[in-house]
Amino acid sequence: MKEFPGPDARMWLAKNKKYYATNTQTSLIVPDEEKSHLSVIVDVDGFQFIDLKCGAGVSNLGHQHKSTNIRHFEHHDGPVPSAIEFAEILAETAPVKKPAKVFFCNSGAEANEAARKACQAFRFHDGERYSRNKAIYCVNGFAGRTMGVLSATTSKAKVQRDPFITDEELARSIYIPYPTKENSRQIIDTLRGLDLRWVDRNLIELFCQGEGGIIPADEETVRYLYDELQKMGIFWITDAVQCGMGRTGSLFGYDFSWLESDLLTMGKALGDGLPIGAVIFNANLDWRPGEHSNTFGGNPTVMRAGISAFFEIKRLVESGEVKKVEQVLRDWLHFFAAGHRDLITEVRGIGAMWAVEFATPEMRNRFREVAENMTVSHGMGLALLGCGEKAVRIMPPLNIGLVELKAAMYLFGLALEDLSRVTS
Ligand SMILES: Cc1ncc(COP(=O)(O)O)c(C=O)c1O
């Protein structure tokens, strides 16, 4: 008689245990994502099961119904091979303290919520729940809009945070300046004035703040902060949701041998446009069974896209493509700033993540309109995002052709000329 689980399933289950965050899984069925069809689950060793669980109400049309062809399988009840494969890749390569595990979810905010919950779970099991209940965040940071991580979202705080956050949560949040060179003295002074014994975690976008205005960090200042906080046993959460996946020129937002996060959160480009979030964390911080889970995290459609996108972005980073984009943007944007001191007050950036800061919010808004309208006057306009109070973000695809990028810079220059005419 054959034994269940079979040899392939046992291999996946062992990897699942090693790389996948503990969740609510209880099933030993490791599905063959391709072969399972309608109401029959086929496992990786060929065992068959009639599906009476339907992903707790997800697979109402069964698996790979012809109307969508979507491969189901959610990780809350059993291991999913494509999710385990992606977890292994991330756990082995991310600059997180090893051994690392991965939790998949659906957005950056959910990843940051999960990171926070993992820290709190650790303190709870450790008996430190009530003493270590403060968190350090950076001014101008953005971590998402859900209630738990609102406290970490200080960018445009008056609109995004203040009306919704509770006084209790605010009292537990400590805001420090973002670690740039200019802020280094202030950070040293602020840390000296804090009693870090009560701090559970810090959350910081590295190596560049996004929504807050594209503000690159300073390596030396981050290192000081890291050393001081780690000495006190404070969990270091890096948020690489926006600046990860090659955007800053490295796969996970930063790449320094001295910086190993306790937890690192990702989202956005990790799924190449499909909804995804991930927390890669030191296995020491893993939950106990049943403490955390979700329905769609680790579903095969998103995992397959994520694995493909990961290797394509890795190739772009390693072949120096992002550096080329960086060089073009750095040169041209500084050139524009030098020629338009009346309009532009600062150019900042790293990798393929740049901002041009205008003198006023009105100028920034007008510039965006002019740049979009060029599609009528010049046959091609520019699609730009705002950030901070008065900056525009320049974040092209990492694989943009250099001819296209230079054309974009040419149009950017023309738009500035136009803006200069209307504002003078
Ligand atoms: C740095 C950072 N963290 C977290 C988030 C939240 O991600 P999501 O919008 O997927 O919830 C964002 C979104 O812009 C972000 O930029």
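Residues take their numbers from the sequence shown, with the count starting at 1. Note that ligands are numbered from 1 as they come in the structure, with each ligand's atoms numbered from 1 the same way.
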Show which atoms of ligand 1 fall inside a sub-4.0 Å distance from at least one heavy-atom site of G108. 6 (C), 7 (O), 8 (P), 10 (O), 11 (O)

Just jot down the ligand 1 atoms closer than 4.0 angstrom to any heavy atom of N112, in number order. 3 (N), 4 (C)

At a 4.0 Å threshold, what atoms of ligand 1 neighbour a non-hydrogen atom of E205? 1 (C)

Atom 15 (C) of ligand 1 - nearest protein heavy atom and its distance: F142 CD2, 3.5 Å

Can you report which non-hydrogen protein atom sits closest to atom 6 (C) of ligand 1, along with the distance? A109 N, 3.5 Å

heavy-atom search around atom 3 (N) of ligand 1 in the protein gives D239 OD2, 2.7 Å

S107 heavy atoms, cut-off 4.0 Å: which ligand 1 atoms fall inside? 10 (O), 11 (O)

Does CG belonging to D167 count more than 12 external heavy atoms closer than 6.0 Å? no

Hey, does A143 sit under 4.0 Å from ligand 1 if you only count heavy atoms? yes

V241 N/O to ligand 1 N/O under 3.5 Å: no

Are any of the side-chain nitrogens in R288 or E291 under 4.0 Å away from the carboxylate oxygens of its partner? no

For ligand 1, which atoms have a heavy atom of K268 less than 4.0 angstrom away? 12 (C), 13 (C), 14 (O), 16 (O)

Could you tell me how the ring of Y20 sits relative to the ring of F104: parallel (under 30°), tilted (30 to 60°) or perpendicular (over 60°)? tilted

Quick one: look at E211 and ligand 1, take heavy-atom pairs under 4.0 Å, and tell me if it's side chain, backbone, both or neither. side chain

Any idea which protein heavy atom is nearest atom 16 (O) of ligand 1, and the distance to it? Q242 NE2, 2.8 Å

N/O to N/O below 3.5 Å, does that happen between R145 and ligand 1? no

Any donor-acceptor pair under 3.5 Å from H334 side chain to R330 backbone: yes

